[in-house]
Amino acid sequence: MDTPSIRSVLADGEVGARVTIEGWLRSARHSKGLSFLDVTDGSSMAGLQVVAPGELDNYDPEVRGLGTGAAVRVRGELVESPGKGQRVELRAQELEVVGDAADDYPLQKKRHSFEYLRTIAHLRPRTNTLAAVFRVRNVAARAIHRFFQERGFVWLHTPILTGADAEGAGELFEIEGGEAFFGRPTRLTVSGQLEAEIGALALRNVYAFGPTFRAENSNTSRHLAEFWMVEPEMAFCDLRGDTELAEAFLREVLTAILEECGEDMAFFDERIEKGVVASLEHIVKTPFEHMTYTEAVQRLEQSGEDFEHLVSWGADLQSEHERWLTETLVQKPLVVTDYPSAIKAFYMYANDDGRTVRAMDVLVPRIGEIVGGSQREHRHDVLAEKMKAQGLDLEEYGWYLELRRFGSVPHAGFGLGFERLVQFATGMANIRDVIPFPRVPGYAEF
RNA sequence: UCCCCGGUAGCUCAGCUGGUAGAGCAAGCGGCUGUUAACCGCUGGGUCGCAGGUUCGAGUCCUGCCCGGGGAGCCA
């Protein structure tokens with residue numbers, strides 16, 4: 001705990017300094033009377049090379065017998081490394097085996113499949129890739145809070161247990177015994193948006209950032225039953241302000257990842273997704289493309305592409321359509337606005353044309369939809385009519401309607417899937433590998 | 001939930017038109033004072049996902065189920 005991180009030793013350690021480090025062996029190479037140990041503590045992609053000479057009291061058999069996975073504490077002197085691949089190395093004067101690893105330690109130096117690593121989720125953070133993912137995830141979370149805090153947004157802690165049947169969108173996890181305990185049916189939240197609206201109409205600008213749950217039986221590389229969502233909500237704000245915030249938000253968080261995770265991003269670029277760094281750098285520099293849903297449909301119809309699903313005004317854009325728009329047509333993030341009201345949620349602000357709403361989706365290459373947002377319907381009577389038309393229980397949403405009777409103002413917000421953002425930034429193919437403990441249909445181990 | 005592909009040693013995989021199981025890595029033992037996924041030698045290690053069926057004989061063919069992956073739908 002008091003010893004310096006390997007990251008700091010690699011960055012600032014001076015030749016001749018006496019240091020003590022603690023970590024786990026990523027690999028061990030033994031030759032006669034000399035061992036090379038690649039030690040990592042998760043603080044950086046690169047490990048520190050420890051050179052253990054045969055003169056150590058416990059060299060034979062203890063040090064010589066060390067293998068991948070063992071935990072060690074090493075005291076020694078930093079020396080210039082005569083070998084290639086590292087600036088300095090630690091010449092051990094004392095090497096304590098804190099925790100040996102049994103010889104059936106499942107991680108090997110060679111590559112494992114991500115499918116296998118998921119079955120050993122208690123050990124996979126020790127791999128280069130997952131450790132890098134979790135470091136990037138942390139930097140992204142910090143950048144998100146910083147982005148909002150610097151702009152005066154209040155982090156509103158919206159509930160995880162909820163009585164609201166929010167949005168009527170998505171299957172909900174029912175709480176067993178919820179009715180007996182709370183006096184009404186309760187579920188795990190699918191969104192903090194409605195509660196965030198409460199916050200925005202008092203504190204002006206707020207954001208929710210926490211876990212969200214969907215009981216959808218969706219089995220894809222982009223869906224989780226438990227995921228983290230970022231949901232800002234702004235009062236006195238329209239759809240334009242909402243998209244401006246989303247664009248600034250994505251740009252700033254991706255910039256932070258590029259600047260603060262250089263070593264990890266270089267690894268992702270080389271081993272996971274070639275060109276991911278260049279694509280992020282491009283996105284950060286270039287303004288996003290904007291078009292209305294109606295324009296998008298026109299472009300798709302004129303594309304000459306042979307889509308599997310028919311393109312027609314009024315139907316939702318399919319994955320293949322979204323991918324063509326963002327990957328082929330504009331080749332950068334694309335903001336699509338003003339969708340048909342029939343395919344969007346009841347709370348979205350109705351445009352004067354009577355058939356579209358002020359909704360926006362941000363589409364990005366590889367992932368598709370990463371942000372979904374809208375200006376909210378703040379006109380009491382319009383909202384009540386839409387709720388009735390969609391068969392919603394006005395009693396149930398009494399408080400939501402009431403917000404429109406007491407100082408209602410135009411307001412807007414969006415939702416962003418945190419794991420999709422991490423997936424996009426790292427190039428990881430499966431969303432299950434960007435969250436420490438994935439929950440998907442049929443699987444909730446660890 | 002639907003479509004397609006897969007499941008063989010601890011891991012990654014090979015195994016032809018059916019003839020009774022293999023490699024690399026890992027592990028164990030030994031060798032080598034400077035390695036970088038070290039290298040060299042030896043050794044151990046298998047209910048071929050599960051259950052039926054066809055056959056003289058099934059890892060291989062057929063049926064059902066389970067699990068995993070990719071795609072679709074739903075969405076973030």
Side-chain angles (χ1 to χ4, degrees), chain A residues 26-38 46-55 59 61 64-65 67-69 79 81-86 89 91 101-120 123 127-128 167 169-171 190-193 211-231 246 271 307-309 316-323 343-345 361-364 367-373 414-424 429-433 435 440-443 445:
Chain A
R26 201 150 56 181
S27 77
R29 297 178 288 275
H30 306 283
S31 58
K32 190 179 176 77
L34 186 68
S35 293
F36 298 93
L37 311 176
D38 184 9
L48 178 64
Q49 171 155 284
V50 168
V51 183
E55 294 79 59
Y59 185 75
R64 203 173 62 91
T68 305
V79 298
S81 179
K84 284 182 180 155
Q86 57 277 319
E89 61 189 26
R91 190 147 193 103
D103 59 25
D104 56 346
Y105 183 66
L107 292 174
Q108 54 186 45
K109 285 168 275 187
K110 233 175 167 177
R111 223 200 98 89
H112 290 284
S113 67
F114 290 122
E115 295 78 42
Y116 171 66
L117 291 177
R118 271 173 231 148
T119 70
I120 50 168
L123 296 170
T127 63
N128 289 341
E167 307 175 43
E171 293 292 316
V190 295
S191 164
Q193 181 201 313
T212 309
F213 309 86
R214 303 277 165 91
E216 294 288 346
N217 186 18
S218 53
N219 224 301
T220 80
S221 54
R222 302 181 307 282
H223 290 84
L224 291 165
E226 177 183 277
F227 63 101
W228 282 56
M229 194 146 66
V230 180
E231 296 176 288
R271 301 287 185 88
F307 292 116
E308 196 173 320
H309 296 88
D316 214 349
L317 299 178
Q318 303 294 308
S319 291
E320 57 175 339
H321 305 145
E322 295 183 344
R323 273 208 313 277
I343 58 172
K344 289 291 181 183
D361 284 355
V362 180
L363 312 178
V364 295
I367 307 291
E369 184 182 345
I370 195 167
V371 166
F414 65 78
L416 167 126
F418 182 55
E419 282 75 18
R420 287 198 182 164
L421 180 67
V422 177
Q423 219 187 333
F424 179 63
N430 196 311
I431 201 166
R432 296 166 194 203
D433 302 321
I435 187 167
V440 294
Y443 189 82
E445 302 300 315

Engineer: Respond yes when some side-chain nitrogen or oxygen of Arg222(A) is under 4.0 Å from OP1 or OP2 of rG71(B), and no when none is.
Structural biologist: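 Checking Arg222(A) against rG71(B): no side-chain N or O falls below 4.0 Å of OP1 or OP2.
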Engineer: Rounded to whole angstrom units, what separation is found between the CZ atom of Arg26(A) and the P atom of rC25(B)?
Structural biologist: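 Result: 21 Å.
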Engineer: Across all strands, who's sitting opposite rC56(B) as a Watson-Crick or G-U wobble pair, both distances under 3.5 Å?
Structural biologist: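 Check on rC56(B): paired to rG19(B), both distances under 3.5 Å.
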Engineer: Separation of Glu445(A) atom CD from rG68(B) atom C1', in whole Å?
Structural biologist: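 Those two atoms, CD and C1', are 14 Å apart.
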Engineer: Taking the nucleotide of RNA chain B with the nearest heavy atom to each, does Ser319(A) or Asp104(A) sit closer to the 5' end?
Structural biologist: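 By nearest-heavy-atom nucleotide position, the 5'-most residue is Asp104(A).
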Engineer: Does rC2(B) pair with anything, Watson-Crick or G-U wobble, both distances under 3.5 Å, and if so, with which nucleotide?
Structural biologist: rG71(B)
Engineer: Is Arg29(A) close enough to rC40(B) that one of its side-chain N or O atoms is under 4.0 Å from OP1 or OP2 there?
Structural biologist: no
Engineer: Are Gln318(A) and rA72(B) close enough that a side-chain N or O sits under 4.0 Å from OP1 or OP2?
Structural biologist: no
Engineer: Under a 3.5 Å distance rule, please check whether Glu231(A) uses its side chain to pair with a backbone N or O of Gly415(A) as donor and acceptor.
Structural biologist: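 No, Glu231(A) side chain to Gly415(A) backbone: no donor-acceptor pair under 3.5 Å.
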Engineer: Quote, to the nearest angstrom, the C1' distance that separates rG30(B) from rG44(B).
Structural biologist: 15 Å
Engineer: According to the Watson-Crick and G-U wobble definitions, with both distances under 3.5 Å, which nucleotide is paired to rG64(B)?
Structural biologist: rC50(B)
Engineer: How far, in whole Å, is rA21(B) from rG59(B) if one measures between their C1' atoms?
Structural biologist: 8 Å
Engineer: Looking only at heavy atoms, what is the nearest atom pair of Asp361(A) and Gly373(A), with distance?
Structural biologist: OD1-N, 4.4 Å
Engineer: Select base, sugar-phosphate, or nothing to describe what Val371(A) touches, counting heavy atoms under 4.0 Å on all strands.
Structural biologist: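 Sugar-phosphate only.
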Engineer: Report yes if at least one side-chain N or O of Arg432(A) is closer than 4.0 Å to OP1 or OP2 of rG69(B); otherwise report no.
Structural biologist: yes
Engineer: Check every strand shown and say whether Gly83(A) touches a base, only sugar-phosphate, or nothing at a heavy-atom separation below 4.0 Å.
Structural biologist: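 Base contact - Gly83(A) has a heavy atom under 4.0 Å of at least one base atom.
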Engineer: How is Ser113(A) classified with respect to the nucleic acid when contacts are heavy atoms under 4.0 Å: base, sugar-phosphate, or nothing?
Structural biologist: sugar-phosphate
Engineer: Using a heavy-atom cut-off of under 4.0 Å over every strand shown, decide if Gln108(A) touches base, sugar-phosphate, or nothing.
Structural biologist: base
Engineer: Any idea which of rG30(B), rA76(B), rG34(B) is nearest the Ile431(A) side chain?
Structural biologist: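 Of all the options, the side chain of Ile431(A) is nearest to rA76(B).
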Engineer: When both hydrogen-bonding distances must be under 3.5 Å and the geometry is Watson-Crick or G-U wobble, what is rA38(B) paired with, if anything?
Structural biologist: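 Paired with rA38(B), as far as the under-3.5 Å criterion goes, is no nucleotide at all.
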Engineer: Can you measure Glu320(A) atom CD to rG73(B) atom P for me and round it to whole angstrom units?
Structural biologist: 7 Å
Engineer: Say you pick atom C1' in rC16(B) and the same atom in rC4(B); how far apart are they, in whole Å?
Structural biologist: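 Going atom to atom, C1' in each nucleotide, I get 24 Å.
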Engineer: On a whole-Å scale, what distance lies between the P atoms belonging to rA58(B) and rG52(B)?
Structural biologist: 14 Å
Engineer: Between C1' on rA26(B) and OH on Tyr116(A), what's the gap in Å once rounded to a whole number?
Structural biologist: 10 Å
Engineer: Using a 4.0 Å heavy-atom cut-off across all strands, classify Glu226(A) as base, sugar-phosphate, or nothing.
Structural biologist: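 The answer is nothing, as Glu226(A) stays clear of every strand by at least 4.0 Å.
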Engineer: Using a 4.0 Å heavy-atom cut-off across all strands, classify Pro82(A) as base, sugar-phosphate, or nothing.
Structural biologist: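 Base contact.
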Engineer: Can you see which heavy atom on Ser319(A) is nearest to which on Arg222(A), and at what distance?
Structural biologist: OG-NH2, 4.3 Å
Engineer: Taking the side chain of His223(A) as its heavy atoms from C-beta onward, which of rG68(B), rG10(B), rC74(B) lies nearest to it?
Structural biologist: rC74(B)
Engineer: If the C1' atom of rG53(B) is compared with that of rU60(B), how far apart are they to the nearest Å?
Structural biologist: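 It works out to 15 Å between them.
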Engineer: Going by purine N1 to pyrimidine N3 plus the second Watson-Crick contact, or the G-U wobble pair, all under 3.5 Å, which nucleotide sits opposite rU43(B)?
Structural biologist: rA27(B)
Engineer: Any side-chain N or O of Asn430(A) less than 4.0 Å from the OP1 or OP2 oxygen of rG70(B)?
Structural biologist: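 For Asn430(A), the contact criterion (side-chain N or O under 4.0 Å from OP1 or OP2 of rG70(B)) is met.
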Engineer: For Gly372(A) and Arg91(A), take the nucleotide of RNA chain B holding the closest heavy atom to each; which residue's nucleotide lies nearer the 5' end?
Structural biologist: Arg91(A)
Engineer: Under 4.0 Å between a side-chain N/O of Ser27(A) and OP1 or OP2 of rU36(B), yes or no?
Structural biologist: no
Engineer: Check whether the side chain of Arg111(A) and the base of rC25(B) form a donor-acceptor pair under 3.5 Å.
Structural biologist: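 Counting by modelled atom types and ignoring angles, no donor-acceptor contact under 3.5 Å is found here.
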Engineer: Measuring from the side chain of His309(A) (C-beta onward, heavy atoms only), which nucleotide among rG34(B), rG73(B), rA76(B) has the closest atom?
Structural biologist: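 Selected nucleotide: rG73(B).
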Engineer: With the side chain counted from C-beta on, respond yes when Val230(A) and Val371(A) share a heavy-atom pair under 4.5 Å apart, and no when they do not.
Structural biologist: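 In short, these two side chains do not touch, never coming nearer than 4.5 Å.
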Engineer: Any side-chain heavy atom of Phe114(A) sitting closer than 4.5 Å to one from Asn430(A)?
Structural biologist: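 In short, these two side chains do not touch, never coming nearer than 4.5 Å.
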Engineer: Just how far, in rounded Å, is C1' of rU33(B) from CD of Gln49(A)?
Structural biologist: 13 Å
Engineer: Applying a 4.0 Å non-hydrogen cut-off, can you work out what Ser221(A) is touching in the nucleic acid: base, sugar-phosphate, or nothing?
Structural biologist: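 Sugar-phosphate only.
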Engineer: Is Ser31(A) near enough to rC39(B) that one of its side-chain N or O atoms lies under 4.0 angstrom from OP1 or OP2?
Structural biologist: no
Engineer: Stacking check: are the rings of Phe227(A) and rA76(B) less than 5.5 Å apart at their centres and under 30 degrees in tilt?
Structural biologist: yes
Engineer: How many Å lie between NZ on Lys344(A) and C1' on rC75(B), as a whole number?
Structural biologist: 9 Å
Engineer: Work out how far the C1' atom of rA23(B) is from that of rA14(B), and round it to whole angstrom.
Structural biologist: 7 Å
Engineer: Looking at rC74(B), rA72(B), rA76(B), which one has an atom nearest to any side-chain atom of Ser218(A)?
Structural biologist: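 My answer, after comparing the listed nucleotides, is rC74(B).
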Engineer: Between rG34(B) and Glu89(A), counting only base atoms on the nucleotide and side-chain atoms on the residue, is there a donor-acceptor pair under 3.5 Å?
Structural biologist: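 Checked by distance alone, the answer is yes.
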Engineer: Taking CG from Leu123(A) and P from rG10(B), how many angstroms apart are they, rounded to a whole number?
Structural biologist: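 Those two atoms, CG and P, are 17 Å apart.
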Engineer: Would you say that Asn219(A) contacts Val440(A) through its side chain, given a criterion of any heavy-atom pair below 4.5 Å between the two side chains?
Structural biologist: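 No - every pair of side-chain heavy atoms lies 4.5 Å or more apart.
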Engineer: His112(A) side chain: which of rG69(B), rU33(B), rC11(B) is closest?
Structural biologist: rC11(B)
Engineer: Counting the atoms with a prime plus P, OP1 and OP2 as sugar-phosphate, which does Asn217(A) contact under 4.0 Å by heavy atoms, base, sugar-phosphate, or nothing?
Structural biologist: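 Since a base atom lies under 4.0 Å of Asn217(A), the category is base.
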Engineer: Between rU63(B) and rC3(B), how far is it from one P atom to the other, in whole Å?
Structural biologist: 15 Å
Engineer: Tell me, do Ile435(A) and Val422(A) make a side-chain contact under 4.5 Å, heavy atoms counted?
Structural biologist: no
Engineer: Which one, rG30(B), rU35(B), rG73(B), comes nearest to the side chain of Gln86(A)?
Structural biologist: rU35(B)
Engineer: So what does Leu224(A) touch, heavy atoms closer than 4.0 Å: a base, only the sugar-phosphate, or nothing?
Structural biologist: base
Engineer: When you compare the side chain of Met229(A) with that of Gln193(A), does any pair of heavy atoms fall below 4.5 Å?
Structural biologist: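 Not in contact.
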Engineer: Do the side chains of Phe36(A) and Val51(A) get nearer than 4.5 Å, heavy atoms only?
Structural biologist: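 The answer is yes; the side chains approach within 4.5 Å.
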Engineer: With a 4.5 Å cut-off on side-chain heavy atoms, are His223(A) and Glu216(A) touching?
Structural biologist: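 The answer is no, as the side chains (C-beta and beyond) never meet within the 4.5 Å cut-off.
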Engineer: Rounded off to whole Å, could you give me the CZ-to-C1' distance for the Arg214(A) and rC74(B) pair?
Structural biologist: 10 Å
Engineer: What's the closest nucleotide to the Lys32(A) side chain, out of rC75(B), rC74(B), rU33(B)?
Structural biologist: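 Looking only at side-chain atoms, Lys32(A) lies closest to rU33(B).
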Engineer: Taking the C1' atom of each, how far is rG10(B) from rA26(B), in whole Å?
Structural biologist: 7 Å
